Amino acid sequence: MGAAKSEAAQAARLAPTNAYAVGQYGVVSYLAGDRATAKSQLTQAVTLDPLRNPEFYYYLGRLSLDVGDLKGARDSLTRAATLGSRTPEYLYYLGLSYERGAGAVAPDRLKARDNYERALQLSPSYKAAQDGLARVR
């Protein structure tokens with residue numbers, strides 16, 4: 001993981017206006033547990049090219065979900081699910097963000113169920129979505 005992060009950092013330094021290079025550095029940073037770098041790089045990537053890489057919104061959503069920022073998670077994951085509508089993981093995590101509630105952000109079991117069902121339409125054997133659907137029924 002260290003080597004991958006180093007290579008991704010170099011690519012982002014060499015091509016700071018290339019959304020893909022910057023975003024991949026963010027993804028690798030997220031997977032390596034470096035949330036600060038991940039958030040910075042992913043935010044920059046979606047600013048550079050807001051419509052091309054839904055996985056960057058997905059990882060921004062996961063970052064927000066990890067720290068309990070449900071509004072931010074829902075916003076980013078909605079974008080990911082809209083741009084990458086054939087990816088069940090995006091729908092699953094969007095459903096999970098609606099299943100949870102914290103502070104002023106209330107859970108919405110209907111939206112959670114809808115997203116879990118959409119994920120299962122794309123991948124009927126997706127265990128996490130099956131479990132999520134069972135929780136909200």
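Along the sequence shown, the residues carry numbers beginning at 1. Because the structure is predicted, anything quoted here is derived from the model rather than measured.
For Ser123 (side chain) and Ala119 (main-chain N/O), no donor-acceptor pair under 3.5 Å exists by modelled atom type. For the pair Ser6 (side chain) and Ala3 (backbone), a donor-acceptor distance under 3.5 Å is absent. Of the possible donor and acceptor atoms, one in the side chain of Thr43 sits under 3.5 Å from a partner among the backbone N and O of Lys39. A donor-acceptor contact shorter than 3.5 Å is absent between the side chain of Asn53 and the backbone of Phe56. With Asn115 contributing its side chain and Lys111 its backbone, the two residues share a donor-acceptor pair below 3.5 Å. Tyr57 places a side-chain N or O within donor-acceptor distance of the main-chain N or O of Pro50, the cut-off being under 3.5 Å.
Ion pairing between a basic and an acidic side chain is recognised when a charged N comes within 4.0 Å of a carboxylate O; Arg79 and Asp75 show no such pairing. Using a cutoff of 4.0 Å between basic side-chain nitrogens and carboxylate oxygens, Arg52 and Asp49 are scored as salt-bridged.
A pairwise comparison of heavy atoms in Ala112 and Val136 identifies CB-CG1, 4.0 Å as the closest pair. The two residues Ser97 and Leu70 have their closest heavy-atom pair at O-CD2, 4.1 Å.
Residues meeting the ring pair (Phe, Tyr, Trp, His ring centres under 6.0 Å) test with Tyr90, sequence neighbours left out: Tyr58. Shown here are the side-chain contact (heavy atoms from CB on, under 4.5 Å) partners of Ala32, two or more places apart in sequence or in another chain: Met1, Lys5. Contacts of Glu99 classified as side-chain hydrogen bond (donor to acceptor under 3.5 Å, both in side chains), with partners at least two apart in sequence or in another chain: Tyr116, Arg135. Partners of Arg113 according to the side-chain hydrogen bond (donor to acceptor under 3.5 Å, both in side chains) rule, which considers only residues two or more places apart in sequence or in another chain, do not exist here.
Connection of Leu51 to Leu48 is not established within any shared hydrophobic cluster, with ILVMFWY side chains joined at heavy-atom distances below 4.5 Å, either directly or through further cluster members. In the hydrophobic cluster analysis, where Ile, Leu, Val, Met, Phe, Trp and Tyr join through side-chain heavy atoms closer than 4.5 angstrom, Val67 is grouped apart from Val105. Put simply, Tyr92 and Leu65 are part of the same group of oily side chains (I, L, V, M, F, W, Y) that touch within less than 4.5 Å, one to the next.
If you chain together ILVMFWY residues whose side-chain heavy atoms come under 4.5 Å of each other, Leu122 ends up grouped with Leu91.
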Test side chain to side chain contact (heavy atoms under 4.5 Å, CB included) applied to Glu7 and Val28, step by step | CA-CA 10 Å; Glu7 291 293 322; Val28 171; over 6 Å; no
Where do Thr87 and Glu55 land on the side chain to side chain contact (heavy atoms under 4.5 Å, CB included) test, with the steps shown first?
-> CA-CA 10 Å; Thr87 308; Glu55 68 271 20; over 6 Å; no
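Contact of the Arg100 side chain with the Pro107 side chain is not registered, since no non-hydrogen atoms from C-beta on lie closer than 4.5 Å.
Partner of Tyr59 under the ring pair (Phe, Tyr, Trp, His ring centres under 6.0 Å) criterion, chosen from Tyr30, Tyr25, Tyr93: Tyr30.
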Distance-only donor-acceptor hits, side chain of residues 11-21, under 3.5 Å, sequence neighbours excluded:
from	atom 1	to	atom 2	distance (Å)
Asn18	OD1	Tyr20	N	2.9
Asn18	OD1	Ala21	N	2.9

